[in-house]
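Within every chain, numbering begins at 1; the chains are lettered A, B, ... in the order of the sequence lines, protein sequences first and strands thereafter. We use all heavy atoms of the structure for the numbers below, so side chains are in, but hydrogens, waters and symmetry mates are not.
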Amino acid sequence: MPPLARLAADLTAKLGAENVLTDPLARTLYEYDGGVDRAQPDLVVFPRSRDQVAAIVRAAAAAGVPIVARGAGTGLSGGAVAREGGVVVAFNRMRRILEVDVENARAVVEPGVVNLELSQSLAPTGFYFAPDPSSQRACTLGGNVAENSGGPHTLLHGVTVNHVTGLEIVLADGSVAQLGGKAGEALAGAWDLTGVVVGSEGTLALVTAVTVKLTRLPEAVGTLLAIYDQVGQAAETVTALTAAGITPSACEMMDGFCLRAIEAATGAGYPMDSAAVLLMDVEGLREEVEEDAERVEAICRAAGARSVRRAADAPERELLWKGRKNAFGAMGRISPNNYVMDGVIPRTRIAPVLEEIEAVGRRHGFRIGNMFHAGDGNLHPLVFFDERAGELPRALACSHDIIQVCVAAGGSITGEHGVGIEKQDLMPLIFSDADLAYMERIRRAFNPDGLLNPNKMIPQSRLCGEIRGNAALYREGL
Amino acid sequence: MNVSAATPAEAAACVRAAGEAGISCAASKCGHVHLDLRPMQAVRFYQPGDLTVGADAGLTVAALNALLAGHGQFVPIDVAEPERTTLGAVLARHGSGPLRQRFGTVRDFVLGLEMVNDRGEIVHCGGTVVKNVAGYDWMKLMIGARGALGILTGVNFKVFPRPQGIESACFRGLSWPQVEAIRSGLLHSPLRPLAIELQARGGERAVTVTYAGSAAVRGRYRREMSRLGAPEITEGAWPAATPPTNAVYPPAQAVAALQAWEERHQQLSVTGRLGVGAFHVEPAPPPPPVAPAAAGLMRRLKQELDPGGLFHGEDCGPSA
């Protein structure tokens, strides 16, 4: 029996047929994530426990078959795409909250727990899980850990790695390791293995439980919408807020072009005739929020905002944020396809970089929209294109040029979506050969046979021992 | 043997030479070659508008904060001797001070790291911007590894606005249950103190809560503090650095653990972060064992990243 068939039979016996997908049509549902890359896995399995995950990894490793972990498939960089074939380990059926320990401000969760559902179930305790990616209604904690996810409110609270104190992982040989725990820090001499695994994009281990830090819900939140006739004024506001020592809990910019589509779709109350808006939250004690909201409003006006609205109550807050949270879904009004990019620049360079990005778009023949985390310089340019008109290769080329602009401005190739497949070939823009070789050595220490999510993140030419499966890689042009 | 390096390239050359000679090398006094990085004190960049700064590992904490103070900014690193303690030492030892409560440890605000590895190569992790997920976050591994995997030569930090209007509330003469009540009371409150420090010596226990803000905000804190007890308020008191952490507990179990340790030893001195569960305790409790699988991973990393055992790390004691 060929190794894959034997593996399928073995896993069917161990997990039950209802937890193993072999049918080709069913497997096509798992060939893509939220990005542009696709590849069909040979098998999809749905473990329900850590021990099952360990058994899957042992069996796949023995068969020399790649292993690709998958959460909700909302990732945008191809992290869950089985580009070398193999077994996709989907964690949707491991979705229990194992423990909530409010006194220690910790919870222990299985990786399939949905981000927003965790915070919602915690609400009665007065605590929540702070990282809030835009996809939080669907994305899972395991995915958040793999990509070190961010979101609008990470400006104040930090990203996923700042909110994880422990992990239970299954290593490439099927062994289980407990990293960290509930304590808030380790003693010197104890290495921060948790910190290295977070953001490792499924290439070092499979995560089977996450110990998260809980954050106290703020007493008060002030939400402001500042409306500008020039993008540069909005960008200048971000700089001025920093200079004034104010840290909003969120500071999102949306340009006029996107706003019109968002408003048509959501009715959030956004202007139809502005160049850009800033949507900002300030949070803390009632006294702090009052003061900060006043100062923020003054700074916005000084920078040229034509109006500043402050949400009067929670329903109005939610409406203003509804527009932002549903923004990406509204983009279908503009074009059949859009490519949501992810790049980072120093926030002091927002205005000139946005102009350069627009110029890049014109050069390639695309309109670029911008909706992004202005507060920390994390850009999300949207390239609007039509795949059926064969525009995908040109859109990808445009996106590569945009990333070059970000790097030239002193930024990075990814702020929160990860490298995955999408940015793998761009790593040499910011890392030297020695840097990439060092990362490869770290991967080898965890994953000596290279079977965990192969051919991701580190450029192919760096990798030894390529694993070839029977992948069907869908990628035009580039 | 003492060698000093004024640039990362010199440090790298030294490491390569030590490697070829088969002798150990460290930035502390623990290697056969003591690599003194104090001449490396350059500030590589400082962007006040972006809240980012990058510097050589030999720069002292005091010098860095003096630079940042000019723009009303700082890095929340507490050490007993900031004029003598280098950034490299802070990272290698992963120290934690009182401001940990609000700002986290250095692990939470390092943006990028430069290091000389076992092959004498200068390698980089992270970058210069506050949000970045490109590549492995191996700087997390180096922070607190006490030099066991390489020689740190440069670091980029996220910096913070320096809090204005600092004040502290000190609760004295507390029983252990009262200490725990203050900890839990603060946890469940919307207050966000800069520091929650416990000091216990010879049966005397005190908790000092430090906070900052406008007069209105401070007034609010004072009202909340008076609900927790009868504290003495001191204006302008920046919390002092403390001896290094040698005991960590889940925060809600810390008081019980300290109380039990005190009952065993009668004489107990504790200073540290009540809200976090990280203390300096004398006599020092035994460090918790590293879980076997995690220890195995550490061994594999050491074997992969320093197979020649070039870096002994700082197991023989601290130095600048």
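- Within the 4.5 angstrom heavy-atom criterion, no atom of B/Thr52 approaches chain A.
- Interface remark: of the candidates A/Thr239, A/Ile413, A/Ile430, A/Val161, A/Val161 forms the most heavy-atom pairs closer than 4.5 Å to chain B.
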Might you work through the salt bridge (Lys or Arg N to Asp or Glu O under 4.0 Å) test for A/Glu185 and B/Arg107, ending with a clear yes or no? CA-CA 10 Å; A/Glu185 60 188 75; B/Arg107 169 206 195 265; over 6 Å; no
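- For A/His373, the part lying under 4.5 angstrom from a heavy atom of chain B is the side chain only.
- Only the side chain of A/Phe127 comes within contact range of chain B, with at least one heavy atom under 4.5 Å from a heavy atom of that chain.
- With chain A as partner, the option from B/Arg119, B/His71, B/Gln47, B/Gln164 having the largest number of non-hydrogen pairs under 4.5 angstrom is B/Arg119.
- Here the side chain of A/Ser412 pairs no donor or acceptor atom with the backbone of B/Val129 at under 3.5 angstrom.
- At least one side-chain heavy atom of A/Leu179 sits less than 4.5 Å from a side-chain heavy atom of B/Leu297.
- With a 4.5 Å cut-off on non-hydrogen atoms, A/Glu288 touches chain B through its backbone and its side chain both.
- You'll find the side chain of A/Thr242 reaches within 4.5 Å of the side chain of B/Leu51, heavy atoms only.
- Per-residue heavy-atom pair counts under 4.5 Å with chain B were compared for A/Ser200, A/Gly158, A/Gly199, and the maximum is reached by A/Ser200.
- The part of B/Pro161 that comes within reach of chain A is its side chain, from C-beta onward, which places non-hydrogen atoms under 4.5 angstrom from that chain.
- Per-residue heavy-atom pair counts under 4.5 Å with chain B were compared for A/Met427, A/Arg286, A/Glu290, and the maximum is reached by A/Arg286.
- Interface residue A/Met439: backbone and side-chain heavy atoms are both found under 4.5 Å from chain B.
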Trace of the salt bridge (Lys or Arg N to Asp or Glu O under 4.0 Å) decision for B/Arg220 with A/Glu219: CA-CA 13 Å; B/Arg220 172 69 187 279; A/Glu219 173 174 80; 2.7 Å; yes
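- Heavy-atom distances place no part of A/Ser175 under 4.5 Å from chain B, backbone and side chain included.
- B/Met115 places a side-chain heavy atom less than 4.5 Å from the side chain of A/Tyr438.
- With B/Asp50 contributing its side chain and A/Arg347 its backbone, the two residues share a donor-acceptor pair below 3.5 Å.
- For B/Leu191, the parts sitting under 4.5 Å from any heavy atom of chain A are the backbone and the side chain alike.
- Of the two parts of A/Ala434, the backbone and the side chain both hold a non-hydrogen atom closer than 4.5 Å to a non-hydrogen atom of chain B.
- In this structure the side chain of A/Thr247 never reaches within 4.5 angstrom of the side chain of B/Phe160, judged on heavy atoms.
- To the nearest 0.5 Å, atoms CZ (B/Arg300) and CD1 (A/Ile442) are separated by 13.5 Å.
- Side-chain contact between A/Arg441 and B/Trp138 is absent, with no heavy atoms from C-beta onward closer than 4.5 Å.
- Using a 4.5 Å cut-off between heavy atoms, A/Leu171 contacts chain B through its side chain alone, with no backbone atom that close.
- With a 4.5 Å cut-off on non-hydrogen atoms, B/Val217 touches chain A through its backbone and its side chain both.
- Salt-bridge annotation for A/Asp342 and B/Lys131: absent, with no side-chain N of the basic residue lying under 4.0 Å from a carboxylate O of the acidic one.
- At a threshold of 4.5 Å between non-hydrogen side-chain atoms, the residues A/Phe431 and B/Val123 do not count as touching.
- Between A/Lys182 and B/Tyr249, the closest side-chain pair of non-hydrogen atoms is not below 4.5 Å.
- Contacts of B/Arg273 with chain A are absent, with no heavy-atom separation under 4.5 Å from either backbone or side chain.
- With values rounded to the nearest 0.5 angstrom, A/Thr194 atom OG1 is found 11.5 Å from B/Asp137 atom CG.
- Between A/Glu287 and B/Arg223 there is a salt bridge, with a side-chain nitrogen of the basic residue lying less than 4.0 Å from a carboxylate oxygen of the acidic one.
- Taking 4.5 Å as the limit, some side-chain heavy atom of B/Pro288 sits within range of a side-chain heavy atom of A/Leu187.
- Contacts between A/Arg216 and chain B at a heavy-atom distance below 4.5 Å involve the side chain alone, from C-beta outward.
- Heavy atoms closer than 4.5 Å to chain B are found nowhere in A/Thr165, neither backbone nor side chain.
- Contact count against chain B (heavy-atom pairs under 4.5 Å) is highest for A/Thr414 among A/Val196, A/Thr348, A/Val176, A/Thr414.
- Using a 4.5 Å cut-off between heavy atoms, B/Ser184 touches chain A through backbone and side chain atoms alike.
- Neither the backbone nor the side chain of A/Leu426 comes within less than 4.5 Å of any heavy atom of chain B.
- Listed options A/Asp376, A/Val238, A/Asn148 were ranked by heavy-atom pairs under 4.5 angstrom with chain B; first place goes to A/Asp376.
- Residue contact with chain B, scored on non-hydrogen atoms closer than 4.5 Å, involves the side chain of A/Val159 exclusively.
- For the pair A/Asn104 (side chain) and B/Ala252 (backbone), a donor-acceptor distance under 3.5 Å is present.
- A donor-acceptor contact shorter than 3.5 Å links the side chain of A/Asp435 to the backbone of B/His124.
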